[in-house]
Amino acid sequence: MSETSPQTPYGTLPPASPLAPRKPVSLPRLHEMRERGEKITMLTAYDATFAAVADAAGVDCLLVGDSLGMVCQGLASTVGVALDTMRYHTESVVRGLQRVQGTAWVIADLPFGSYHESREQALRSASVLMQAGAHMVKLEGGGWTTDTVRFLVERGIPVCAHLGLTPQTVHALGGYRVQGRGAAAAERLRAEALALQDAGAAMLVLEMVPAALSAQLTTELTRCATIGIGAGKGTAGQVLVMHDMLGINLGKNPKFVRNFMTGQDSVRAAMAAYVAAVKDGSFPDDSLHAW
Ligand code: KIV
């Protein structure tokens with residue numbers, strides 16, 4: 001095993017894939033990738049071991065998503081996830097990366113109710129996650145959140161926004177369905193995205209949005225990297241829930257997901273296959289979309 005192979009309490013991981021970033025992934029590096037047209041890879045991570053394995057597989061960004069409410073806690077939606085639970089999982093992911101000198105960029109979700117009251121409440125909640133070791137926080141929605149994003153960014157907290165299907169508002173949206181369909185809805189989403197970029201959001205997750213709309217936004221947003229999930233291949237990067245892409249989702253996989261375990265003999269190989277497929281543009285293919 002080469003000396004660059006990460007040591008973990010569970011043994012020595014295989015050497016990092018040649019695609020793995022050698023230098024820590026940073027905001028300037030992510031902007032540079034977007035400008036060069038190199039696709040950004042993101043996976044959710046909730047614990048130390050999977051975080052270390054994803055990092056060794058070359059994943060650029062790890063999202064401590066509030067989807068942990070479903071996949072770790074067995075909840076029906078993300079609405080019941082507490083800020084302290086997000087802190088616990090963020091600390092676990094960050095410790096896992098530290099054990100293996102990991103280089104991934106860590107984003108932590110602000111959970112439902114932790115940023116809705118006021119900009120000051122959002123700052124207090126974001127501070128908890130940043131002090132847990134996150135590099136960036138993510139929050140859902142446009143419109144009223146724009147002011148909150150500006151407030152956080154001005155105080156040195158990098159922010160990822162999230163538009164389209166926003167799982168924390170699933171009850172208001174009437175279910176997990178495609179958003180931004182039709183001219184009026186698309187224009188509203190576009191206006192929200194541009195305002196979030198102006199407020200300083202450096203990344204924008206677009207979930208279950210028509211491919212043409214997410215591709216158009218990716219061209220228009222020159223200071224904000226779009227990350228798609230069920231939003232076609234035209235975004236600057238892709239994100240998947242780790243359990244979905246490993247085929248261990250307790251429910252039915254969304255139809256835009258590919259099971260990357262197929263044909264692989266390890267989780268690390270499945271994650272490396274995901275990284276390679278996003279980087280070379282073969283994931284998602286035109287059959288894998290939400291609309
Ligand atoms: O919580 C999460 O996992 C997410 C992704 C679906 C983008 O927000």
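In listed order, ligands and their atoms are each counted from 1. Everything numeric here is computed off the predicted structure, so don't read it as measured data.
Ligand 1 is approached by His162 to a heavy-atom distance shorter than 4.0 Å. Contact between Lys138 and ligand 1 is present, with at least one heavy atom of the residue lying under 4.0 Å from the ligand.
Contact atoms of ligand 1 toward Thr44: 3 (O) (distance under 4.0 Å to a heavy atom of the residue). Each of the atoms 1 (O), 2 (C), 3 (O) of ligand 1 lies under 4.0 Å from some heavy atom of Gly65.
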- Query: Thr90 and Tyr88: side chain to side chain donor-acceptor pair (under 3.5 Å), yes or no, with the steps?
  - Reply: CA-CA 6 Å; Thr90 303; Tyr88 169 89; over 6 Å; no
- Item | Chi angles and distances behind the side chain to side chain donor-acceptor pair (under 3.5 Å) call for Thr145, Thr148 | CA-CA 5 Å; Thr145 61; Thr148 304; over 6 Å; no
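Considering backbone and side-chain N/O atoms, Ser67 comes within less than 3.5 Å of an N/O atom of ligand 1.
Heavy atoms only, all atoms of each residue included: Tyr115 and Gln168 are closest at OH-OE1, 2.8 Å.
At a heavy-atom distance under 4.0 Å, only side-chain atoms of Asp109, from C-beta outward, approach ligand 1. In Leu63, the part holding a heavy atom less than 4.0 Å from any atom of ligand 1 is the side chain.
Ion pair Glu192/Arg188 not flagged as a salt bridge, since none of the NZ, NE, NH1 or NH2 atoms sits closer than 4.0 Å to an Asp/Glu carboxylate oxygen. The residues Asp147 and Arg119 are annotated as salt-bridged, a charged nitrogen and a carboxylate oxygen being separated by less than 4.0 angstrom.
The aromatic rings of His243 and Phe50 sit tilted relative to each other, their planes meeting at an angle between 30° and 60°.
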